[in-house]
Amino acid sequence: MVLELYLDLFSQPCRSVYIFAKKTNIDFDFKKVVLFQVGFCNGTSALHPFTGQQYEEDFGKINLLRKVPALRHDDFTLAESTAILAYLAQKFNTADHWYPADVRKRAWVNEYLAWQHSTIRPHGSKIFWFKVIIPTLSDNSIPKEKMDSAMEDLETSLQLFEEKFLQDKPFIVGDQISLADLVAIVEMMQPVGSGVDIFASRPKLSAWRDRVIEEIGKDLFDEAHYNLLNIKDIPQTLEKAGKLDFLKAKIAKM
């Protein structure tokens, strides 16, 4: 049975899985899961703006956690992006540098993957929500003090990334790219998609980004990030679909 990957490329973890599978020539069936959609309930015209396809019955059989990415391979299913990446690397015998057999190098990869969940990921995501999603779906902007606090948290995480994980190395583990770099770059691109260029004032980080993109391949990198980097089209897309007013109403009640 073919490998199935359930993904929405607006999601950072989904982009890491997609890029890795494509880059390493793993054959897979891309199952698109739309995380945010407007639907009907019990045949009526009542709309529920935040009920995406991950809440449908069929997807629940793939991942009871109702999250993407998700994987199905024969009768085996798996959730959580870092677990999926490790499975793909080992199952399909990808090049060693992605998830090194050397116990210490692999520990460094795992160390970063564990750390980023409570730092780079939430802080970058918050900027995206504050600058794109919430202003799009409501008539209110985020108060300056909240935005400043969010930016400070992100800047602190980026500084720690440079000092602790990158240091003076080309990549997180050393001279070659690994899963840690891949997960890092997709997360750091999230605030970039909202118009915050986190690389502009950080030459070391910028040089690392360029090396990562070169290793991945610019065409693949751009393909995976196309939706994110064209996020300015979201209001028009929602309006054409008749969703914008409903979403604004929902946000206003939050």
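- Residue pairs meeting the salt bridge (charged side-chain N to carboxylate O under 4.0 Å, His left out) criterion with at least one partner in residues 211-222, sequence neighbours excluded, are K218-D222.
- With rounding to the nearest 0.5 Å, the separation of CG in D8 from SG in C14 is 6.0 Å.
- A donor-acceptor pair under 3.5 Å links the side-chain atoms of D96 to the main chain of A101, judged by distance alone.
- Under the 3.5 Å distance criterion, the side-chain polar atoms of Q116 are left unmatched by any main-chain donor or acceptor of Y112.
- R15 places a side-chain N or O within donor-acceptor distance of the main-chain N or O of F10, the cut-off being under 3.5 Å.
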What side-chain donor-acceptor pairs closer than 3.5 Å can you find for residues 178-188, not counting sequence neighbours?
| unit_1 | atom_1 | unit_2 | atom_2 | d |
| --- | --- | --- | --- | --- |
| S178 | OG | A180 | N | 3.2 |
| S178 | OG | D181 | OD2 | 3.3 |
| D181 | OD1 | I172 | N | 3.0 |
| D181 | OD1 | W208 | NE1 | 2.9 |
| D181 | OD2 | S178 | N | 3.0 |
| E187 | OE1 | Q12 | NE2 | 3.1 |
| E187 | OE1 | R121 | NH1 | 3.4 |
| E187 | OE2 | R121 | NH1 | 3.0 |

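- For H117 against L113, the heavy-atom pair with the smallest separation is CD2-O, 3.2 Å.
- In terms of modelled atom types and a separation under 3.5 Å, the side chain of D102 and the main chain of R104 share a donor-acceptor contact.
- For the side-chain contact (heavy atoms from CB on, under 4.5 Å) test, residues two or more places apart in sequence or in another chain that qualify with D29 are V2, E4, K31.
- In this structure, D210 has no side chain to side chain donor-acceptor pair (under 3.5 Å) partners at least two apart in sequence or on a different chain.
- Taking every heavy atom of both residues into account, G193 and L229 meet most closely at CA-CD2, 4.1 Å.
- Two residues are said to be in side-chain contact when any heavy atoms from C-beta on lie closer than 4.5 Å; H73 and Y87 meet this criterion.
- D197 is linked by a salt bridge (Lys or Arg N to Asp or Glu O under 4.0 Å) to nothing, counting only residues two or more places apart in sequence or in another chain.
- In terms of the side-chain contact (heavy atoms from CB on, under 4.5 Å) criterion, residue partners of A83 (sequence neighbours excluded) are, by chain and number, L78, E80.
- Put simply, the side chain of K204 gets close to the backbone of Q167: a donor and an acceptor are under 3.5 Å apart.
- Scored by the ring pair (Phe, Tyr, Trp, His ring centres under 6.0 Å) test, W108 finds no partners at all (sequence neighbours excluded).
- Shown here are the ring pair (Phe, Tyr, Trp, His ring centres under 6.0 Å) partners of Y18, two or more places apart in sequence or in another chain: F30.
- Judged as a ring pair (Phe, Tyr, Trp, His ring centres under 6.0 Å), and not counting sequence neighbours, F199 has no contacts.
- Every residue two or more places apart in sequence or in another chain that forms a side chain to side chain donor-acceptor pair (under 3.5 Å) with E162 is listed here: R202.
- Side-chain contact between L160 and T119 is absent, with no heavy-atom pair separated by less than 4.5 Å.
- F20 pairs by the ring pair (Phe, Tyr, Trp, His ring centres under 6.0 Å) definition with W98, not counting sequence neighbours.
- No more than 12 heavy atoms of other residues, nucleotides or ligands sit less than 6.0 Å from atom NZ of K146.
- Within the structure, every pair that satisfies the salt bridge (charged side-chain N to carboxylate O under 4.0 Å, His left out) test and touches residues 106-119, not counting sequence neighbours, is listed here: E111-K164.
- With hydrogens and angles ignored, the 3.5 Å screen pairs a side-chain donor or acceptor of T156 with a backbone N or O of E152.
- At a threshold of 4.5 Å between non-hydrogen side-chain atoms, the residues L88 and L3 count as touching.
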| task | Quick one: do V132 and I127 satisfy side-chain contact (heavy atoms from CB on, under 4.5 Å)? Show the steps, please. | result | CA-CA 8 Å; V132 176; I127 298 298; over 6 Å; no
| task | Carefully, step by step, assess Y99 and T94 under the rule side-chain contact (heavy atoms from CB on, under 4.5 Å). | result | CA-CA 8 Å; Y99 200 48; T94 60; 5.8 Å; no
